[in-house]
Amino acid sequence: MSGPAESPTGQNGITAQPLLEPLFSEKEIETRVARLASRINADYAGRGNLVLIGVLKGSFIFLSDLARRLTIPHRVEFIAVSSYGARESTDPESVRLLMDVRHAVTGDHVMIVEDIVDTGRTLAYLLRLMEARRPASLTTCTLLHKPDRTEEVVAIDYLGFTIPDVWVVGYGLDYAEQYRTLPYIADLPEELR
Ligand code: PRP
């Protein structure tokens with residue numbers, strides 16, 4: 001682990017963002033994303049078009065960095081879901097679709113790209129949704145996974161980092177819409193929540 005990153009204050013947030021201790025530095029993230037992209041390039045070589053489906057909002061930075069390292073033919077779609085109350089609710093249907101992908105994925109190789117798998121409910125919901133559309137193949141890629149929080153077990157095909165049950169922000173992940181654009185991932189201290 002490296003020390004505190006340089007202050008991003010004024011560069012990438014609505015409000016000034018304090019210095020946070022990185023859990024994963026920019027360099028560590030870059031290295032891991034490059035490794036994931038290499039695996040994906042190898043696994044999908046010669047298979048035709050891959051459709052990356054980024055789950056808004058959290059995945060937008062990870063997907064951008066990952067996609068720019070892909071050398072295989074691919075296209076990018078986004079989907080938005082509401083998991084309002086999902087963490088507290090016992091209703092497995094507490095995830096709802098807010099915005100669907102633009103183009104049909106039937107017959108395509110599809111990869112759902114997440115920033116984090118926490119309880120697993122969002123990804124489980126999206127897997128059910130996409131499976132029903134009969135893609136040629138369906139895989140999942142997430143930068144972070146919190147296995148301690150699992151409520152629905154989902155298959156993760158491409159994983160960046162396994163993390164403990166901490167509140168992570170940065171690199172797409174927010175706390176009340178703050179910290180998303182921090183260039184590194186930090187464990188948000190309790191006094192800032
Ligand atoms: C986060 C994250 C995943 C989901 C994972 O999204 O981006 O989509 O939660 O949680 P789960 O495994 O418990 O379902 P969030 O609802 O915070 O929305 P955001 O991406 O817009 O920040």
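Residue numbers start at 1 and run along the sequence shown. Atoms within a ligand are numbered from 1 in the order they appear, just like the ligands themselves. FYI, side chains are in, hydrogens and waters are out, and symmetry mates aren't considered; it's all heavy atoms of this structure. All of these numbers come straight from a predicted model, not from anything done at the bench.
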_Could you check whether any side-chain heavy atom of Tyr44 comes within less than 4.5 Å of a side-chain heavy atom of His74, counting everything from C-beta outward?_
no
*Under 3.5 Å donor-acceptor, Thr162 side chain and His145 backbone*: no
*What atoms of ligand 1 come within less than 4.0 Å of a heavy atom belonging to Leu56?*
20 (O), 21 (O)
*Please state whether the rings of Tyr171 and Phe62 are parallel, tilted or perpendicular, taking 30° and 60° as the class boundaries.*
tilted
*Taking both backbone and side-chain atoms of Leu123, is any N or O found less than 3.5 Å from an N or O belonging to ligand 1?*
no
*Would you say the side-chain atoms of Ser25 pair up with the backbone N or O of Glu28, donor to acceptor, closer than 3.5 Å?*
yes
*Only heavy atoms count here, so choose which of Val81, Asp118, Ile112 is nearest to atom 10 (O) of ligand 1.*
Asp118
*Considering only heavy atoms, which of Glu114, Lys146, Arg180 lies nearest to atom 8 (O) of ligand 1?*
Glu114
*Checking side chain to side chain contact (heavy atoms under 4.5 Å, CB included) against Val55, which of Thr142, Leu126, Ile116 comes through?*
Leu126
*Report the part of Thr122 (side chain from C-beta onward, or backbone N, CA, C, O) that has a heavy atom under 4.0 Å from ligand 1; answer both or neither where that applies.*
both
*Any idea which of Arg149, Glu177, Lys57, Glu152 brings a heavy atom closest to atom 19 (P) of ligand 1?*
Lys57
Please output the side-chain donor-acceptor pairs of residues 36-43 that fall under 3.5 Å, not counting sequence neighbours, one pair per line with the distance.
from  : atom 1 : to     : atom 2 : distance (Å)
Ser38 : OG     : Ala34  : O      : 3.0
Arg39 : NH2    : Asp157 : O      : 3.2
Asn41 : OD1    : Thr71  : N      : 2.8
Asn41 : OD1    : Thr71  : OG1    : 3.3
Asn41 : ND2    : Ala37  : O      : 3.2
Asn41 : ND2    : Arg69  : O      : 3.2
Asn41 : ND2    : Thr71  : OG1    : 3.4
Asp43 : OD2    : Tyr158 : OH     : 2.6

List the atom pairs, with distances to 0.1 Å, where a side-chain N or O of residues 186-193 and a protein N or O form a donor-acceptor pair under 3.5 Å, not counting sequence neighbours.
from   : atom 1 : to     : atom 2 : distance (Å)
Arg193 : NE     : Leu188 : O      : 3.1
Arg193 : NH2    : Leu188 : O      : 2.8

*Numbered atoms of ligand 1 (with element) below 4.0 Å of Thr119, judged on heavy atoms*: 11 (P), 12 (O), 13 (O), 14 (O)
*asked:* Quick check on contacts: which atoms of ligand 1 are under 4.0 angstrom from a heavy atom of Gly58?
replied: 19 (P), 20 (O)
*Do ligand 1 and Gly120 have nitrogen or oxygen atoms that lie under 3.5 Å from each other?*
yes
